[in-house]
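Notes follow the structure.
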Number of protein chains: 2
Amino acid sequence: MSSSKPSSSRQDPGSVPAAVVNRLSMYLRELQHLLADGQETTSSSQLGHRLGFTDAQVRKDLAHFGHFGHPGIGYRCDELVGAIRRILGTDREWRVALVGVGNLGRALLGYRGFHRQGFRLVAAFDTDPAMIDTKIEGVLIYDILRLAEIVSAEQVELGLVAVPASDAQDVANQLVAAGVGGILNFAPVTLTVPSTVSKVGVDLARELEQVTFSVANRLKVDES
Amino acid sequence: MSSSKPSSSRQDPGSVPAAVVNRLSMYLRELQHLLADGQETTSSSQLGHRLGFTDAQVRKDLAHFGHFGHPGIGYRCDELVGAIRRILGTDREWRVALVGVGNLGRALLGYRGFHRQGFRLVAAFDTDPAMIDTKIEGVLIYDILRLAEIVSAEQVELGLVAVPASDAQDVANQLVAAGVGGILNFAPVTLTVPSTVSKVGVDLARELEQVTFSVANRLKVDES
DNA sequence: CATTGTGAACTTATTCACAGCC
DNA sequence: GGCTGTGAATAAGTTCACAATG
């Protein structure tokens, strides 16, 4: 059901700052909590307040993509959830593969949050012969040599890279060659990928360093 | 501004944008790779190029904290690594505790990257009686009821929250009450903590949503 | 002469404030 | 009355460009 109703306008995304997309994701999560609490509508100020933003910020962010609110009323939670999911592309299922079934990889295989937001882990890859052809959390683990074959057969669109830093670029290259559109990288290296492929990096030590900085400097630098 | 006479200037951090601290962390990682490759010095343009920033950006970021470069030469890698670690506070060990030894928690216990950057996991907490008093990855797991006691005894300064969303705020409150200075939260909720405590949130589904957005909109929105 | 550090110019992002609507 | 959406005002962040430097 791609939107055919022009009343909820699908607007030219033009060029949207990454920070806006990040906040969109936060709004979504917060709206889902509100819905779970049985709340039907919310306002830019409530939403902003819960996340530490101003009401104007919330409205401006949403205005990048269309008119989702109702003056005098606010936003209908379910409506806005739908709108944001459409914007983020998570109004459908995404087929995801994991490369690297180590410590972190196994945790990713079992992570409920992915499934909850519409991500489906359809394959995993590793080099360890003891693991190949076994299942973890219901996901079959393949020899990494079969990456191209399986990514194609399983129509994998996104890759999770959870291999050691030294292997990460090589794995990324293989994923790109196999045709994935985006990569979430957990290895502590900066990957180089073609501009046709999206990538986001998550480096856990780096995240902790953001915390130590604030603690060491005793000043508030909030984030999500 | 105020002049002390520091050879390695410790400058007033005043108010530093979170984005700068984030990049600092990236510079550090990149410098460590350069060092591992045997490179003695680098330049703002090399560093920037590897991360997708301009040279001016790199210099401005570092200028927030002091004068670390050598005109005509660039930056000595080891020197700059030391400076950035001092700024981030990771020039010493930090004692960290994990709460929630589920899927993700176990991965965090085994994550090498933490130790590599000077983080030491000294305790873990869970409610599962089968787990309590066992060790995982060399870390002893305590009953969560003993959180205050152990955090104090082990001088824990940072907490990792890897419990279900519904328990996260409660756990955060306990960590704060027990005296931790910062929290890295993996639960998909916005935690409320006193402004004397630092927090950073990592939501894996949200990170993947940043990827799907770019893929769905076929436009480059790079990040780390 | 390559490279830093930095004021000035520019660009981008946030907040204000208010018209229009429910 | 409460709330959105948005142009105008303000603030913040980035890049430019160049004097200073080993």
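Just so we're clear, the structure is a prediction, and the values are computed from it rather than from any experiment. By convention in this document, chain letters (A, B, ...) are assigned in the order of the sequence lines, proteins followed by strands, and residues within each chain are numbered from 1.
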- [ ] Quick one: list whatever passes ring-ring contact (aromatic ring centres under 6.0 Å, His included) with A/Phe125, sequence neighbours left out.
- [x] A/Tyr142

Open item on the list: If the condition is ring-ring contact (aromatic ring centres under 6.0 Å, His included), which residues does B/Tyr27 pass it with, not counting sequence neighbours?
Closed with: none

Mind listing the side-chain donor-acceptor pairs of residues 155-165 of chain B below 3.5 Å, one per line with the distance, residues two or more places apart or on another chain?
unit_1, atom_1, unit_2, atom_2, d
B/Glu157, OE1, B/Arg92, NH1, 3.1
B/Glu157, OE1, B/Arg95, N, 3.4
B/Glu157, OE2, B/Arg92, NH1, 3.2
B/Glu157, OE2, B/Arg92, NH2, 3.0

Could you work out, with salt bridge (charged side-chain N to carboxylate O under 4.0 Å, His left out) as the rule, every residue matching [X], not counting sequence neighbours?
X	value
B/Glu40	none
A/Arg85	none
A/Asp55	A/Arg59

Checking [X] side chain against [Y] main chain: does a donor-acceptor pair fall under 3.5 Å?
X	Y	answer
B/Thr90	B/Arg86	no
A/Asn185	A/Val189	yes
A/Thr212	B/Leu88	yes

Whole angstroms only, please: what is the [atom1]-[atom2] distance between [X] and [N]?
X	N	atom1	atom2	answer
A/Gln57	C/dA17	CD	C1'	17 Å
A/Arg59	C/dA17	CZ	C1'	10 Å
A/Asp55	C/dC16	CG	C1'	10 Å
B/Asp61	C/dG5	CG	P	12 Å
B/Leu80	C/dT4	CG	C1'	12 Å
A/Phe53	C/dA13	CZ	P	15 Å

TODO: On DNA chain D, reading 5' to 3', which nucleotide is the first and which the last to sit with an atom under 4.0 Å from a heavy atom of chain B, could you check?
DONE: D/dG13 to D/dG22

Task: DNA chain D-proximal residues of residues 36-44 of chain A, any heavy atom under 4.0 Å - done: A/Ser43, A/Ser44

Per-pair distances, 0.1 Å, donor-acceptor, side chain in residues 70-82 of chain B, under 3.5 Å, sequence neighbours excluded:
unit_1, atom_1, unit_2, atom_2, d
B/His70, NE2, B/Glu79, OE1, 2.8
B/Arg76, NH2, B/Asp78, OD2, 3.2

- [ ] Rounded to the nearest 0.5 Å, what's the gap from CG on B/Leu108 to CG on B/Leu184? Could you check?
- [x] 8.0 Å

Open item on the list: Within this structure, what is the CD-CG distance for the pair A/Gln169 and A/Asn173, rounded to the nearest 0.5 Å?
Closed with: 4.5 Å

Heteroatom pairs (N/O) under 3.5 angstrom, protein to nucleotides 20-22 of chain C:
unit_1, atom_1, unit_2, atom_2, d
C/dC22, O4', A/Pro71, O, 2.8

Please report, to 0.1 Å, the donor-acceptor pairs under 3.5 Å made by any side chain of residues 109-118 of chain A, with sequence neighbours excluded.
unit_1, atom_1, unit_2, atom_2, d
A/Gln117, OE1, A/Gln32, NE2, 3.3
A/Gln117, NE2, A/Gln32, OE1, 2.9

TODO: Would you indicate, yes or no, if C/dG5 has its OP1 or OP2 atom less than 4.0 angstrom from a side-chain nitrogen or oxygen of B/His64?
DONE: no

Open item on the list: Please tell me if B/Tyr75 has a side-chain N or O lying less than 4.0 Å from either OP1 or OP2 of C/dG5.
Closed with: yes

Please list, pair by pair, any protein nitrogen or oxygen found under 3.5 Å from a nitrogen or oxygen in nucleotides 8-12 of chain C.
unit_1, atom_1, unit_2, atom_2, d
C/dA8, N6, B/Lys60, NZ, 3.4

